[in-house]
J.: 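Can you keep this structure in mind? I'll have questions shortly.
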Number of protein chains: 2
Amino acid sequence: MADPQARLAQMLAKLKARSFRITPQRLAVLQILAASRAHPGVEDIYAEVKKTFPTTSLATIYKTVALLKEINEVLEIRFFDSSRFDGNKPYPHPHILCLHCGAVLDPELPGVEALVAEAAARSGFQIVDHRLNFFGLCSDCQKT
Amino acid sequence: MADPQARLAQMLAKLKARSFRITPQRLAVLQILAASRAHPGVEDIYAEVKKTFPTTSLATIYKTVALLKEINEVLEIRFFDSSRFDGNKPYPHPHILCLHCGAVLDPELPGVEALVAEAAARSGFQIVDHRLNFFGLCSDCQKT
DNA sequence: TATTAATAAATAATCATTATCTTTAAAAAT
DNA sequence: ATTTTTAAAGATAATGATTATTTATTAATA
Ligand SMILES: [Mn+2]
Ligand SMILES: [Mn+2]
Ligand SMILES: [Zn+2]
Ligand SMILES: [Zn+2]
């Protein structure tokens, strides 16, 4: 499910199924979220959408990502004082943030499932969600 | 390092070593953070401190926890729209939050070290920090 | 005890996010 | 295609956690 086309189609299908309207601004936001692998924040999305729709309001971006969150088509990751979004993998998965350049990646961690199971077993909790965030320096930024 | 007395002594030593003053308000905040296992938020600490020092300002609580963060004597855990603090284990460790009653626990997860290592190895990052948060229902809240 | 610098208290400012309100336009009905 | 309905866009105000600022206290040192 990492194909931008498929992701966009999936998002559109979900919106249509719940009879939400497909507006040009929404479509633009969906396309950005489906295509970007950079985990953009609202301001990033806003800047991008404005290229094609200059009158777009920031509130529209907020409302659209909130809607996508509600229908589980985007994952919100709260970093220090703002959020970033993943429209490619809209389910809980770990992230790693470079404290120097701000890059956010999706590391492949096969150990995650076992850790979630361990957390449930040891705590007695019924776990429904998680945010596993690592912070450090990416390989590029280590060189400087 | 889970003994409140030892933790308080450690915090005081660190403050004194860096010649920060030990005021009654600060001492009160330290005691609460050293003793509480509930991962209190600023408002919780504020309410508690006001019992002994009714004129205390909320800003004082914020400034004190910020100071403790700077000297690595408290860990901040950002949940949805506010932060909670751990003065017992002021180093990165996993947390589990009950979405129903708001309880925050420290699960013992031996698998964490391996996961951090895995994240570093697979991403090429030099990892310096992490926040591993699980969300769900505690055993009590599952019964209702 | 007086001096000085750090801290507390009070309160204003910040800023990401959310809410409100009016205008616009998507989609359905005619 | 036109009309109708109503969700959504745009503009802007409000919110609320946190931070900054300003003044008044007070701890530390001489
Ligand atoms: Mn991701
Ligand atoms: Mn903890
Ligand atoms: Zn980097
Ligand atoms: Zn609970």
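All chains are named by letter (A, B, ...) in the order of the sequence lines, taking the proteins before the strands, and each is independently numbered beginning at 1.
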J.: Counting distance only, does the side-chain N/O of Arg78(B) pair as donor-acceptor with the main-chain N or O of Phe79(A) below 3.5 Å?
T.: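 Checked: no pair found.
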J.: Rounded to the Å, how far apart are Tyr62(B) OH and dA8(C) P?
T.: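 Taking OH of Tyr62(B) and P of dA8(C), I get 16 Å after rounding.
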J.: Quick check on contacts: within residues 75-82 of chain A, what sits under 4.0 Å from DNA chain C by heavy-atom distance?
T.: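 Nucleic-acid contacts, sorted: Asp81(A), Ser82(A).
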J.: What residue pairs, at least two apart or across chains, pass salt bridge (Lys or Arg N to Asp or Glu O under 4.0 Å) with a residue in residues 31-47 of chain B?
T.: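 Counting only pairs at least two positions apart or across chains, no salt bridge (Lys or Arg N to Asp or Glu O under 4.0 Å) contact touches residues 31-47 of chain B.
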J.: Just do the side chain to side chain contact (heavy atoms under 4.5 Å, CB included) check on Leu15(B) and Leu30(B) with the steps written out, would you?
T.: CA-CA 11 Å; Leu15(B) 286 178; Leu30(B) 299 202; 3.8 Å; yes
J.: Rounding to an integer number of Å, can you tell me how far Arg26(A) CZ sits from dA25(C) C1'?
T.: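 Arg26(A) atom CZ is separated from dA25(C) atom C1' by 12 Å.
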J.: Side chains of residues 107-115 of chain B: which donor-acceptor pairs under 3.5 Å do they make with residues two or more places apart or in other chains?
T.:
none

J.: To the nearest 0.5 Å, what is the distance between SG (Cys138(B)) and CD (Gln126(A))?
T.: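 Reported to 0.5 Å precision, the distance equals 10.5 Å.
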J.: Is a donor on one side and an acceptor on the other found under 3.5 Å between the side chain of Gln25(A) and the backbone of Val49(A)?
T.: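 Absent.
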J.: Are Val104(B) and Leu99(B) linked, directly or through other ILVMFWY residues, by side chains that come within less than 4.5 angstrom of each other?
T.: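 Yes.
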J.: Got a sec, which hydrophobics cluster with Leu137(B), joining ILVMFWY side chains under 4.5 Å apart, including via others?
T.: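 Members alongside Leu137(B): none; it stands by itself.
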J.: At what distance, to the nearest 0.5 angstrom, does CG of Asp86(B) lie from OH of Tyr91(B)?
T.: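 Here the interatomic distance stands at 8.0 Å.
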J.: Considering only heavy atoms, which members of residues 13-24 of chain A lie under 4.0 Å from some atom of DNA chain D?
T.: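 Here the set is Phe20(A), Arg21(A), Thr23(A).
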J.: Under a single-linkage definition using a 4.5 Å side-chain heavy-atom cutoff for Ile, Leu, Val, Met, Phe, Trp and Tyr, are Val128(B) and Ile96(A) assigned to the same hydrophobic cluster?
T.: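 Result: no, two separate clusters.
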J.: Please list residues of residues 35-51 of chain A whose heavy atoms come under 4.0 Å from any atom in DNA chain C, ordered by number; otherwise none.
T.: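 Heavy-atom contacts with DNA chain C come from Val42(A).
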J.: Answer yes or no: is there a donor N or O on one side and an acceptor on the other, between the side chain of Asn88(B) and the main chain of Ser36(B), under 3.5 Å?
T.: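 Confirmed, Asn88(B) side chain pairs with Ser36(B) backbone.
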J.: Identify whether the distance between the nearest side-chain nitrogen and carboxylate oxygen of Arg131(A) and Asp129(A) falls below 4.0 Å.
T.: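 Looking at Arg131(A) and Asp129(A), the cut-off is met.
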J.: Does anyone know the first and last nucleotide of DNA chain D in reach of chain A, 5' to 3', at under 4.0 angstrom to a heavy atom?
T.: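 Extent of the interface on DNA chain D: dT6(D) to dT12(D).
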J.: Grab the N/O contacts between the protein and nucleotides 10-14 of chain C below 3.5 Å, and write none if there aren't any.
T.:
unit_1: dA10(C); atom_1: OP2; unit_2: Thr55(B); atom_2: O; d: 3.3
unit_1: dA10(C); atom_1: N7; unit_2: Ser57(B); atom_2: OG; d: 3.4

J.: What do the steps show when you test Leu97(A) against Phe80(A) for side chain to side chain contact (heavy atoms under 4.5 Å, CB included), and what is the final call?
T.: CA-CA 11 Å; Leu97(A) 165 73; Phe80(A) 303 94; 3.6 Å; yes
J.: Would you please name every residue forming a salt bridge (Lys or Arg N to Asp or Glu O under 4.0 Å) with Arg26(B), sequence neighbours left out?
T.: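 So Arg26(B) forms no salt bridge (Lys or Arg N to Asp or Glu O under 4.0 Å) with any residue.
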J.: Measuring from Ile61(A):CD1 to Ile32(A):CD1, what's the distance to the nearest 0.5 Å?
T.: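 It comes to 7.0 Å.
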J.: Give the angle between the helix axes at the two ends of the helix from dT1(C)-dA30(D) to dT30(C)-dA1(D), taking five base pairs at each end and rounding to 10°.
T.: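 Rounded value for the end-axis angle: 30°.
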J.: Can you list every pair that meets ring pair (Phe, Tyr, Trp, His ring centres under 6.0 Å) and has a residue in residues 39-74 of chain B, with sequence neighbours left out?
T.: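 Sorted result for residues 39-74 of chain B: His39(B)-His95(B).
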J.: Under 3.5 Å, sequence neighbours excluded: what are the donor-acceptor pairs made by side chains of residues 67-77 of chain B?
T.:
unit_1: Lys69(B); atom_1: NZ; unit_2: Glu76(B); atom_2: OE1; d: 2.6
unit_1: Glu73(B); atom_1: OE1; unit_2: Arg7(B); atom_2: NH1; d: 3.0
unit_1: Glu73(B); atom_1: OE1; unit_2: Arg7(B); atom_2: NH2; d: 2.8
unit_1: Glu73(B); atom_1: OE2; unit_2: Gln10(B); atom_2: NE2; d: 3.1
unit_1: Glu73(B); atom_1: OE2; unit_2: Lys14(B); atom_2: NZ; d: 2.8
unit_1: Glu76(B); atom_1: OE2; unit_2: Ser83(B); atom_2: OG; d: 2.6

